[in-house]
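Only one structure is covered here, and it is reproduced in the block below.
The figures here come from the full heavy-atom set of this structure, side chains too, leaving out hydrogens, waters and symmetry mates. Each ligand, and each atom within it, is numbered from 1 in the order the structure gives.
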Amino acid sequence: MTEATVLGRREGGVLVLTLNRPARLNSFNEAMHTELAAALDAAAADRSVRAVLLTGAGRAFCAGQDLSERQMGEGAGPPDLGDTLERLYNPLVRRLRALDRPVVCAVNGVAAGAGANVALACDIVLAARSASFIQAFCKIGLVPDSGGTFFLPRLVGDVRARGLALLGESLPAEKAAEWGLIWKAVDDERLEEEAMTLATHLASQPTRALGMIKRALDASAGNGLDAQLDLERDLQREAGRTEDYREGVRAFMEKRPARFGGS
Ligand code: T3D
């Protein structure tokens, strides 16, 4: 029997997804894309999933595309990499961004190529201090994909984005946090627990509002102030009708912690 390339387990409202091709540093093949897509679609359809935690098995988070699938034999024509982006990587990034639940990424080791940018597509990225981020594309004659050219300049500014993308140097987790590429670097032995604590906290929060916050922040990249104000108005109207908002206000007035049900 072939082993699952993505392991899924539930811990309360948290769905933990672990990329599981450790011998190849969890690099992406078609099977891993398919299994990850199915897991994210199932999460989207299941309202009892209130946060997702994405991580990797073994010593790496993800080394991007499995390059052993890209070796070109004598006389073979070039692969159509636009097609793999269209079919596999772009839908993955869209799934992560569109999921109306928070996605925490625990980068347990090196995150290279598309692996780095898939991490950046998540909502909150924690990394082990020994982990690193590498825009490895330029080293093999490719262009950062999976949203890299979108996320990098927005997160770290144009100067650093260009350095990272054009040089393909390894950026250690602590510097990644200093630069604002990720939320936090934590001691290696603390990563799993901290990431789970964070995901568990998020899963206990007003889920619908958190989903709307994701939508608003994503839209702000393309909106002017007027459009963004209109969107905030619409989302706030929706948030104001949720059970969690009612509970939040009630708990505040009663001076007790809120018990959000996620609806
Ligand atoms: O193709 C398309 O569809 C377009 C989309 C492209 C998206 C992309 O992600 S392109 C970028 C692809 N990724 C890379 O270029 C990164 C390649 N890997 C590395 O540069 C290094 O492995 C790392 C910096 C990530 C880690 O280095 P290190 O020294 O810690 O480990 P290693 O010894 O290089 O790798 C360990 C094993 O994993 C090794 O196999 P072996 O020798 O033990 O049998 C290595 O070949 C394998 N491995 C690592 N990365 C990949 C890989 N095998 C296949 N594909 C990989 N990406």
**Message:** When you measure from atom 35 (O) of ligand 1 to the protein, is at least one non-hydrogen atom found at a distance under 4.0 Å?
**Reply:** yes
**Prompt:** Is there a side-chain hydrogen bond (donor to acceptor under 3.5 Å, both in side chains) between Arg208 and Thr242 once you walk through the steps?
**Reply:** CA-CA 8 Å; Arg208 297 269 307 281; Thr242 62; over 6 Å; no
**Closest non-hydrogen atom pair, Leu81 against Arg70** = CD2-NE, 3.5 Å
**Prompt:** What is the closest protein heavy atom to atom 20 (O) of ligand 1, and at what distance does it sit?
**Reply:** Ala136 CB, 5.0 Å
**Residue and atom name of the nearest protein heavy atom (relative to atom 55 (N) of ligand 1), distance in Å to one decimal** = Leu67 N, 2.8 Å
**Prompt:** With only distance considered, is Ala114 within less than 3.5 Å of ligand 1 through an N or O on each side?
**Reply:** yes
**Request:** Look at atom 54 (C) of ligand 1 and say which protein heavy atom is nearest, naming residue and atom and giving the distance to 0.1 Å.
**Result:** Asp66 OD1, 3.2 Å
**Item:** For atom 24 (C) of ligand 1, closest protein heavy-atom neighbour
**Value:** Ile134 CD1, 3.6 Å
**Asked** Asp145 to ligand 1: N or O pair under 3.5 Å?
**Response** no
**Request:** Measure across Arg101 and Lys214 and return the closest heavy-atom pair with its distance rounded to 0.1 Å.
**Result:** O-NZ, 3.1 Å
**Prompt:** How far apart are the closest heavy atoms of Gly168 and Cys138, and which atoms are they?
**Reply:** N-SG, 3.5 Å
**Request:** Compare every heavy atom of Ala128 with every heavy atom of Ala173, then report the nearest pair and how far apart it is.
**Result:** CB-O, 3.2 Å
**Request:** Kindly indicate, with the supporting measurements, whether the criterion side-chain hydrogen bond (donor to acceptor under 3.5 Å, both in side chains) is fulfilled by Asp188 and Ser130.
**Result:** CA-CA 7 Å; Asp188 287 28; Ser130 67; 2.5 Å; yes
**Message:** I'd like to know if Glu3 pairs up with Arg21 as an ion pair, taking the criterion as any Lys NZ or Arg NE/NH1/NH2 lying under 4.0 Å from an Asp or Glu carboxylate oxygen.
**Reply:** no
**Request:** Considering heavy atoms of the protein only, find what lies nearest to atom 53 (N) of ligand 1 and give residue, atom and distance to 0.1 Å.
**Result:** Arg24 NH1, 3.9 Å
**Asked** Any idea which atoms of ligand 1 are less than 4.0 Å away from a heavy-atom of Gly64?
**Response** 9 (O)
**Request:** Inspect the contact between Arg215 and Asp218 and indicate whether a charged nitrogen and a carboxylate oxygen are less than 4.0 angstrom apart.
**Result:** no
**Fill in**
Numbered in order shown, the ligand 1 atoms found under 4.0 Å of a heavy atom of Phe137 are 7 (C), 8 (C), 9 (O), 10 (S)
**Message:** So if I apply the side-chain contact (heavy atoms from CB on, under 4.5 Å) rule between Gln135 and each of Asn117, Leu166, Leu142, which one comes out positive?
**Reply:** Asn117
**Message:** Check for me whether Glu69 has a heavy atom closer than 4.0 Å to any atom of ligand 1.
**Reply:** no
**Message:** I'd like to know if the side chain of Arg50 and the backbone of Val14 have a donor-acceptor N/O pair within less than 3.5 Å.
**Reply:** no
**Complete:** A student comparing Ser27, Gly58, Ala63 should find that the heavy atom closest to atom 50 (N) of ligand 1 comes from Ala63
**Message:** Protein non-hydrogen atoms only, distance under 4.0 Å: does atom 31 (O) of ligand 1 have such a neighbour?
**Reply:** yes
**Asked** Do protein heavy atoms approach atom 1 (O) of ligand 1 to less than 4.0 Å?
**Response** yes
**Asked** Would you say atom 41 (P) of ligand 1 touches the protein, meaning some protein heavy atom is under 4.0 Å from it?
**Response** no
**Asked** What's the shortest distance from atom 49 (C) of ligand 1 to any protein heavy atom, and which residue and atom give it?
**Response** Leu25 CD1, 3.7 Å
**Fill in**
So the atoms of ligand 1 within less than 4.0 Å of a heavy atom of Arg70 turn out to be 1 (O), 2 (C), 3 (O)
**Message:** Quick check on contacts: which atoms of ligand 1 are under 4.0 angstrom from a heavy atom of Tyr89?
**Reply:** 3 (O), 5 (C)
**Prompt:** How far is atom 57 (N) of ligand 1 from its nearest protein heavy atom, and which residue and atom is that?
**Reply:** Gln65 O, 2.8 Å
**Message:** Quick check on atom 7 (C) of ligand 1 - does any protein heavy atom sit closer than 4.0 Å to it?
**Reply:** yes
**Request:** Could you tell me whether Arg154 sits above the aromatic face of Phe150, with NZ or CZ closer than 6.0 angstrom to the six-membered ring centre and within 45 degrees of the axis?
**Result:** yes
**Ion pair Glu247/Arg250, N-O distance below 4.0 Å** = yes
**Request:** Could you tell me whether atom 10 (S) of ligand 1 has at least one protein heavy atom nearer than 4.0 Å?
**Result:** yes
**Asked** Heavy atoms of the protein only: does one fall short of 4.0 Å from atom 27 (O) of ligand 1?
**Response** no
**Message:** Just to check, does Ala23 reach to within less than 4.0 Å of ligand 1 when the distance is taken from its heavy atoms?
**Reply:** yes
**Request:** Anything under 30° is parallel, anything over 60° is perpendicular, the rest tilted; go ahead and classify Tyr89 against His33.
**Result:** perpendicular
**Request:** Any atoms of ligand 1 less than 4.0 Å from a non-hydrogen atom of Thr84? List them with their elements.
**Result:** 2 (C), 3 (O), 4 (C)
**Message:** Within the 3.5 Å criterion, strictly below it, is a donor on Arg9 or Thr18 matched to an acceptor on the partner's side chain?
**Reply:** no
**Request:** May I ask you to decide whether Arg87 forms a salt bridge with Glu30, counting only side-chain N to carboxylate O separations under 4.0 Å?
**Result:** yes
**Prompt:** Starting from atom 33 (O) of ligand 1, which protein heavy atom do you reach first, and at what distance in Å?
**Reply:** Arg59 NH2, 4.1 Å
**Prompt:** For atom 14 (C) of ligand 1, is the nearest protein heavy atom under 4.0 Å away?
**Reply:** yes
